[in-house]
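Here's the structure we're looking at; comments come further down.
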Amino acid sequence: MSTKPDPAPLLIACALGIEHLALRSGDRTGADGPVTVLRTGMGPKAAERSLTRILADPALSGAAVLATGFCAGLAPGMHPGDLVVAEETRDPRGSTPCVGTELLVKELVRTVPGRTVHTGPLTGSDHVVRGHERSELLATGAIAVDMESAATLHSAVRAGARPVAAVRVVVDAPEHELVRIGTVRGGISAFRVLRAVLPAFFEWHRSLLLPRR
């Protein structure tokens, strides 16, 4: 008698404790297969180290990887609590294409109605971007920036062929510049949005497991 193969696991990576708390306290029902939520630590080097280490575990060797957490929006008109779905992530080593962008947008619109969802390139930085740097990055075509997504996805595909994606919640935008990340804890809606998005991540993962026609 043939047995159904175990579904590929899903690895969700974030950097900060507050992001990890939001994801750990979200609705975990509806996952199709094992889900690991990894806190990588802040910055591209920490993300690369953490991904390389965890994907060396044979149990996660074929895992789909989704980078998430907070980001800085680059385009005028972005607001805290908006969502960014990356079409690709970029860093000095090049770009990493993302899989299932359209599905993620559709599921996020359904899961967190009323939130604006932006799509486009998500660029990496090794520091918090301020002022003129924001407009310089926007001029490259990027719509948002964070410190870990590009390193996370680059490390994930370097460890083996797999589907990858990045979804970020805007906490900092041109007209709403954040003074320090700690202010996220007080009142900004990004925490609640990040806590609510897990069902969309699970639908993205489920779509990857469906047989190709």
Is there a path of hydrophobic side-chain contacts, each under 4.5 Å between heavy atoms of I/L/V/M/F/W/Y residues, joining [Y] to [X]?
X	Y	answer
F201	L55	no
L11	V167	no
L122	V171	no
V105	V193	yes
L104	V65	no

Grab the two heavy atoms, one from [X] and one from [Y], that are nearest each other, plus how far apart they are.
X	Y	value
S25	A22	OG-O, 3.2 Å
R90	G141	NH1-C, 4.2 Å
V145	C71	O-CB, 3.5 Å
A59	P9	O-CG, 3.5 Å
R115	G81	CD-O, 3.3 Å
V112	A196	CG1-CB, 3.6 Å

To the closest 0.5 Å, what do you measure between [atom1] ([X]) and [atom2] ([Y])?
X	Y	atom1	atom2	answer
L194	F70	CG	CZ	5.0 Å
C98	L66	SG	CG	8.5 Å
E87	T96	CD	OG1	14.0 Å
S207	K106	OG	NZ	9.0 Å
L74	D172	CG	CG	9.5 Å
L208	R162	CG	CZ	12.0 Å

Using only atom types and a distance under 3.5 Å, with no angle test, would you say the side chain of [X] pairs donor to acceptor with the backbone of [Y]?
X	Y	answer
H205	A8	yes
H127	S125	no
T152	A67	no
S61	P58	yes
R53	L51	no
E203	A200	no

Inset, instruction - Could you tell me whether R158 and E48 make a salt bridge, using a distance below 4.0 angstrom between a side-chain N and a carboxylate O? - result: yes

Inset, instruction - Please determine if E136 and R134 form a salt bridge, counting it only when a charged side-chain N lies under 4.0 Å from a carboxylate O. - result: no

Inset, instruction - May I have the step-by-step check of side chain to side chain contact (heavy atoms under 4.5 Å, CB included) for T116 and H79, ending in yes or no? - result: CA-CA 9 Å; T116 302; H79 296 90; over 6 Å; no

Legend entry - Polar side chain donor-acceptor pair, D91 to H154, under 3.5 angstrom: no

Legend entry - Modelled atom types, side-chain donor and acceptor of R168 and T68, under 3.5 Å: no

A side-chain contact here means heavy atoms from C-beta on lying under 4.5 Å apart; do [X] and [Y] qualify?
X	Y	value
E107	W204	no
I12	L38	no
L138	P76	yes
L108	V85	yes

Inset, instruction - For the pair L60 and T36, evaluate side chain to side chain contact (heavy atoms under 4.5 Å, CB included) and give the outcome as yes or no after the intermediate values. - result: CA-CA 9 Å; L60 289 171; T36 300; 4.1 Å; yes

Inset, instruction - Evaluate the side chain to side chain contact (heavy atoms under 4.5 Å, CB included) criterion for residues V84 and V170: first the C-alpha distance (whole Å), next the side-chain angles of each, then the deciding distance (0.1 Å), finally the verdict. - result: CA-CA 7 Å; V84 171; V170 174; 3.8 Å; yes

